[in-house]
Amino acid sequence: MLVSRRLVPLLFAGLTLGLLLGGVPAGVATAQPRLPSPAGWPLAGKPEVIRGFAAPEHDYGPGHRGVDLAARAGQPVLAGAAGMVAFAGSVGGRGVVSIDHDDMRTTYEPVSPQVTAGQRVRLGQPIGRVSGGGHCAGRCLHWGLRQGVSYVDPLVLLGQAGGPIRLLAADQREVAAERARARAEASPGIDAVAAVALGPGGGHGFVQPVPGAVTSAFGMRFHPVLHRWKLHDGTDFGAACGTPIRAPYAGVVTRAYFNAGYGQRLILDHETVDGVRVETALNHATHFVVRPGQTVTRGQVLGFVGSTGYATGCHLHLMVWLDGRLVDPMTWF
Ligand SMILES: [Zn+2]
Ligand SMILES: [Zn+2]
């Protein structure tokens, strides 16, 4: 009795630890994906995106793990890229087809399949017809893209910006913008004045995470939607969606998660550099390929440029904290 009483809590502790260590956070893929190429829309022409991608905060959390493309029942569904049919059948009463493209998988639903598992398909080949069921209910095609357990915005296949924000109506966009800014201003350590005191940057060995030019600088700017002065809490670099985001300096991944304003974001702790504690955040990515606790080297690919969260197009929003104070990234880089 004495032994089992001591053993049971230990077993539970071990099981919990195992689940924690074994769990893979949503949006964090295990290896750098190779996007299938060439790729195309799964419907003829250029279908309208009626609902965008919204990555779930955790594996089973709410989100929209794909894009909904306007379609009518009976319309032919086309393979988004060449590959092998992994599944063609019924899931929860609706028809689903999934196609493997090396380490990535595209999914199509609701579809009455015209292909079978194991069959090779080429880009644009009809794989079935739009049917009913699911949240599309015969009015759209839900198109998904995943790598292992991680969902990715399928619009990256077409070199387009994904993300739900650009699909919002103007009034909703304003609400989303206001929330994002309020969140940014409420976050600890924001101190715009610190930027002024630090003087010119550079010389610390940090490299730009993406090769693009600065499209919007840190500082107060007149918000085009809200019509008032707001702090832009980082530096924007213009870059196409899918461009690799590289670690600006060696460090440890402290967090990787989805935020409504910043989208898919990653926080790096670079520890003490030239006597200053340095942390960086990389925002609006499609997804990241590293996970919390992982050590990264300067230049290592962390993820890919996207437009998740409050973003009007593909870009990287870089943030820097020095000794816990948010500063203009260009005073350090
Ligand atoms: Zn959908
Ligand atoms: Zn920005």
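Order of listing sets the numbers, starting from 1, for every ligand and every atom in it. We use all heavy atoms of the structure for the numbers below, so side chains are in, but hydrogens, waters and symmetry mates are not.
The nearest N, O or S atom of His317 is closer to the Zn ion (ligand 2) than 2.8 Å. Coordination check, His232 versus the Zn ion (ligand 2): passed, since an N/O/S atom of the residue sits under 2.8 Å.
Atom OD1 is the N/O/S atom of Asp236 found closest to the Zn ion (ligand 2).
Remark: the backbone N or O of Glu271 is paired with a side-chain donor or acceptor of Asp269 at under 3.5 angstrom. Without hydrogens or angle criteria, Thr308 side chain to Gln264 main chain gives a donor-acceptor distance under 3.5 Å.
Listed by chain and number, the protein atoms of type N/O/S under 2.8 Å from the Zn ion (ligand 1) are His64 NE2, Asp68 OD1, His135 NE2, His142 ND1; waters are omitted.
Residues Met84 and Leu123 do not share a hydrophobic cluster, defined by chaining ILVMFWY side chains whose heavy atoms lie under 4.5 Å apart.
Residues meeting the side-chain contact (heavy atoms from CB on, under 4.5 Å) test with Ala117, sequence neighbours left out: none. Residues forming a ring-ring contact (aromatic ring centres under 6.0 Å, His included) with His142 (at least two apart in sequence, or on another chain): His64, His135.
Between the side chains of Thr280 and His270, at least one donor-acceptor pair of N or O atoms lies under 3.5 Å.
The side-chain hydrogen bond (donor to acceptor under 3.5 Å, both in side chains) analysis of residues 247-256, with sequence neighbours excluded, yields no pairs.
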